[in-house]
Amino acid sequence: MADEKLTTQAENFSEWYNQVVLRAEMADYSPVRGCMVIRPYGWSLWENIQQSLDRRFKATGHVNAAFPMFIPMSFLEKEKEHVEGFSPELAVVTHGGGQKLEEPLVVRPTSETIIGYMYSQWIKSYRDLPVLINQWANVVRWEMRTRLFLRTLEFYWQEGHTAHATEAEAREETRRMMDQYCNFAIEDAAIPVIPGRKSETEKFAGAIESISMEAMMGDAKALQSATSHFLGQNFAKAFDIKFLDQSNILQYAWTTSWGLSTRFVGAIIMTHGDDQGLVLPPKLAPIQVVIVPIARSDADRSKVMPVVEQVAGELQAHFRIKVDDRTEVTPGFKFNDWELRGVPLRLEIGPKDIDKGVVTAARRDIPGRDGKSTLSMDQLAAQVAELLTEIHASMYDKAEAFRDAHIHDPKDYDALKEVVQEGWAFSWWCGSRECEAKIKEETKATTRCIPFHQPEGEGRCIYCGQPAKERVYFARAY
RNA sequence: CGGGGUGUAGCGCAGUUGGCAGCGCACCGCGUUUGGGACGCGGGGGUCGACGGUUCAAGUCCGUCCACCCCGACCA
């Protein structure tokens, strides 16, 4: 249990992040280097993320399935760019049952290969398409440097893998799923995200085109918070996913893959958190409303608790609530405790409230007295619903205002060098690998995405001055 | 994998010239408390990261190793 002040974001953002994750009991370090334990409170948030996304996947025609976590090494090697991209970070099983394996098994870093193999078995006709499968799974990438939720050796995610008869349909799917992610981020997580295309160097190993949504964290660094890949026929050719079309011509299928991981928990923490701790978006928060009874004496308790029970009874039909009836800690302690844990709305019920026939509400997104108001006892659920909606909107607005204040339009390269130290640059770029590499080398800022919404006209590359057709976000990233 | 740092109770740390392993918080018990991190009294809890060496004696000195954190390179 937390007992002292957090390191502030201004003092040390990384340290703040670690302390919040640990003290709010989202996660803990594990005995295995680079792996984390996701604790019940953190997992509950992830479950809400899962439900929110799964609903969208189902609504767009997808179904869930489960594929093995072990993949024959030879599968990875079938797609050249894929194996080159992933081989440095593979965990490989060489022994099983006390015997050396004939062929090593890779612990999946992602499942395009094994799913591609299965698709080749299942898809024979245009009538079999599209195949729209998602799986919720854990994957392993042997990263050098890890950070809770943001980069761990093992992480949880969903990976959608689809196969289509035409290029256009597969490209449309790639975009559709990114739209779903953006809708989820904005509507449920209150995170303003920018969707766009990845540069050639930043794209997924084996993809023709990758798109991502990028979010700005509280330290103005960028976090890629979901990706969607148009794989063309690369994996279809590597795994022989072929079908007969309506004209009886054998065709390779067009495939996509898209994913969002537990990293998104980190995005929520770093987008909304403040010096008091977590600030969780109401739609995803494990606990949406915490009720703190305030009772000085036994007499107070017998007066307060029936009202608390009544309020809890009314609200629990509509919200995820928690009654904090601990007697061993003071109300002040509880206030700080639930603020650390990011509960969006706190209701305080004490003798003074009961005398006036009200409850006191405290909004997590507005610290201190300004966030407090009194609610009348009638239509309480409706008032709470309205407050939660307002909290969501104000969290989004605040995050968006912060983001926009940290996106710059540098006049020249010297200016870009400066602005990417404390924000993002939105600049014209000629599209060349060389300029991108130089900027990265000299500023640590990488291209995040080429947003779908482009300004009119053309410009000149911020680095080389050559004509440029598109603007790109440059930023330091997690 | 390069650079830096840290390993002593669950957490944060102190431990002087080598000489009985300590403090604060947390935890347990009792009592008083409770509208923004309560207080008193009494308790429990330790292979001092590991291994080896020096010494009458090592948390402390020497060596080797390990783990974790931070900064880089790489990455969702």
Side-chain angles (χ1 to χ4, degrees), chain A residues 1-7 12-15 17-19 22-23 28-35 85-90 109-110 139-159 181 198 201-205 210 212-215 222-229 257-267 276-277 292-298 300-301 304 324-340 346-356 359-360 362 367-369 371-372 374 440-441 444 446 476-478:
Chain A
M1 196 165 298
D3 57 289
E4 291 187 15
K5 293 255 183 293
L6 285 169
T7 295
N12 182 341
F13 196 84
S14 294
E15 183 59 25
Y17 176 82
N18 285 334
Q19 286 184 10
L22 296 172
R23 290 193 192 184
D28 204 350
Y29 293 109
S30 83
V32 183
R33 179 196 83 85
C35 292
F86 281 104
S87 59
E89 52 189 55
L90 294 179
T110 179
V139 291
V140 169
R141 297 180 188 178
W142 214 264
E143 303 288 353
M144 290 304 176
R145 201 179 137 205
T146 59
R147 242 145 113 26
L148 294 166
F149 286 112
L150 301 177
R151 191 176 304 101
T152 45
L153 295 199
E154 179 192 32
F155 59 92
Y156 294 83
W157 72 348
Q158 57 70 217
E159 45 178 329
Y181 288 137
K198 283 289 187 186
T201 50
E202 294 282 334
K203 76 178 187 187
F204 178 75
S210 288
S212 75
M213 64 183 191
E214 303 287 326
L223 184 77
Q224 174 177 306
S225 35
T227 49
S228 184
H229 313 292
S257 66
W258 27 274
L260 182 147
S261 74
T262 37
R263 165 180 260 203
F264 200 86
V265 171
Q276 307 304 313
V292 180
I294 293 159
R296 195 184 296 267
S297 60
D298 282 349
D300 283 350
R301 276 191 78 74
V304 165
D324 187 355
D325 56 2
R326 288 177 291 177
T327 53
E328 67 273 20
V329 288
T330 62
F333 180 91
K334 293 178 185 178
F335 297 165
N336 283 285
D337 199 30
W338 292 112
E339 281 166 12
L340 170 68
R346 180 179 71 239
L347 298 182
E348 304 167 14
I349 302 177
K352 291 184 218 164
D353 302 293
I354 290 170
D355 291 343
K356 285 183 267 181
V359 302
T360 299
R369 196 167 290 273
K372 287 205 180 189
T374 55
K440 179 177 179 179
E441 191 184 316
K444 289 173 191 151
T446 52
R476 292 174 305 141
Y478 278 98

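Labels below follow one simple rule: chain letters A, B, ... track the order of the sequence lines, proteins then strands, and each chain is numbered from 1. All values below were derived from every heavy atom in this structure, side-chain atoms included, with hydrogens, water molecules and symmetry-related copies excluded.
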For A:Thr152, which contact category applies under a 4.0 Å heavy-atom criterion: base, sugar-phosphate, or nothing?
-> base
C1' gap between B:C23 and B:A9, integer Å = 12 Å
Below 4.5 Å, heavy atoms only, C-beta onward: do A:Ile294 and A:Ile349 meet side chain to side chain?
-> no
In whole Å, what is the span from the CZ atom of A:Arg476 to the P atom of B:C75?
-> 18 Å
Out of B:G36, B:C75, B:G35, which nucleotide sits closest to the side chain of A:Pro351?
-> B:G35
How close or far is atom P of B:C25 from atom CZ of A:Arg23, stated in whole angstroms?
-> 15 Å
Is there a Watson-Crick or G-U wobble partner for B:C27 with both distances under 3.5 Å, and which nucleotide is it?
-> B:G43
Candidate nucleotides B:G36, B:G37, B:G35, ranked by approach to the side chain of A:Phe333 - the nearest | B:G37
Selection from B:A73, B:G35, B:G36 that lies nearest to any side-chain heavy atom of A:Met144 | B:A73
Which listed nucleotide (B:U34, B:C74, B:G37) is nearest to the side chain of A:Glu143?
-> B:C74
Between the side chains of A:Asn12 and A:Thr7, is a donor N or O closer than 3.5 angstrom to an acceptor N or O?
-> no
Will you find, in the side chains of A:Ser212 and A:Gln224, an N or O donor that is under 3.5 Å from an N or O acceptor?
-> no
Would you indicate what A:Arg301 reaches in the nucleic acid, counting non-hydrogen atoms under 4.0 angstrom: base, sugar-phosphate, or nothing?
-> nothing
Donor-acceptor contact present, side-chain A:Thr262 to main-chain A:Phe155, <3.5 Å = no
Non-neighbouring partners of A:Glu143 that pass salt bridge (Lys or Arg N to Asp or Glu O under 4.0 Å), sequence neighbours left out = none
Taking atom P of B:U32 as reference, at what distance in whole Å does atom CZ of A:Arg296 sit?
-> 16 Å
Spacing between A:Asp300 atom CG and B:U34 atom C1', to the nearest angstrom = 9 Å
Using purine N1 to pyrimidine N3 plus N6-O4 or O6-N4 for Watson-Crick, or N1-O2 and O6-N3 for G-U wobble, each under 3.5 Å, what pairs with B:G18?
-> none
P atoms of B:C65 and B:C27, separation to the nearest Å | 41 Å
When you compare B:A14 with B:G4, how far apart are their C1' atoms, in angstrom units rounded to a whole number?
-> 24 Å
Complementary nucleotide for B:A58 - Watson-Crick or wobble, under 3.5 Å | none
Measure the distance from CZ on A:Arg369 to P on B:G35 and round it to the nearest whole Å.
-> 14 Å
Quick one: label A:Leu150 by what it contacts on the DNA or RNA (base, sugar-phosphate, nothing), any heavy atom closer than 4.0 Å.
-> base
Scan A:Glu89 against the nucleic acid and name what it touches under 4.0 Å (heavy atoms): base, sugar-phosphate only, or nothing.
-> sugar-phosphate
So, do A:Ser14 and A:Arg147 sit near enough that their side-chain heavy atoms are less than 4.5 Å apart?
-> yes
Between B:C62 and B:U54 - P atom distance, rounded Å = 15 Å
What's touching nucleotides 65-70 of chain B from the protein side, N or O pairs under 3.5 Å?
from: B:C68; atom 1: OP1; to: A:Arg33; atom 2: N; distance (Å): 3.3
from: B:C70; atom 1: OP1; to: A:Asn18; atom 2: ND2; distance (Å): 3.0

Scan every strand shown for a Watson-Crick or G-U wobble partner of B:C1, both distances under 3.5 Å, and answer none if you come up empty.
-> B:G72
Determine: side-chain N/O of A:Thr330 to OP1/OP2 of B:A38, distance under 4.0 Å, yes or no.
-> yes
Pairing partner of B:A38 (Watson-Crick or G-U wobble, both distances under 3.5 Å) | B:U32
Rounded to whole Å, the CD1-P distance (A:Ile294 to B:U33) equals 18 Å
Tell me, please, which residues at least two apart from A:Tyr181 pass side chain to side chain donor-acceptor pair (under 3.5 Å).
-> A:Gln158
Contact class for A:Thr227 vs. all strands (heavy atom < 4.0 Å): base, sugar-phosphate, or nothing?
-> nothing
Taking CD from A:Gln19 and C1' from B:C11, how many angstroms apart are they, rounded to a whole number?
-> 11 Å
Whole-Å distance, A:Leu347 CG to B:G35 P, equals 18 Å
A:Arg151 has a side chain; which of B:G36, B:C75, B:A73 sits nearest to it?
-> B:C75
Side chain of A:Asp337 only, please: which of B:G36, B:U34, B:G37 is the nearest?
-> B:G37
Among all residues two or more places apart in sequence or in another chain, which pass the side-chain contact (heavy atoms from CB on, under 4.5 Å) test with A:Thr110?
-> A:His82, A:Phe86, A:Glu112, A:Arg141, A:Trp157, A:Glu159, A:Phe204
Sequence-distant partners of A:Asp298, salt bridge (Lys or Arg N to Asp or Glu O under 4.0 Å), two or more places apart = none
Which of these nucleotides, B:G36, B:G35, B:C74, is closest to any side-chain atom of A:Lys440?
-> B:C74
Among B:C74, B:G72, B:A38, which is the nearest nucleotide to the side chain of A:Lys444?
-> B:G72
Any strand: nucleotide that pairs with B:A67 via Watson-Crick or wobble, under 3.5 Å = B:U6
Residues two or more places apart in sequence or in another chain: which of them pass ring-ring contact (aromatic ring centres under 6.0 Å, His included) with A:Phe335?
-> none
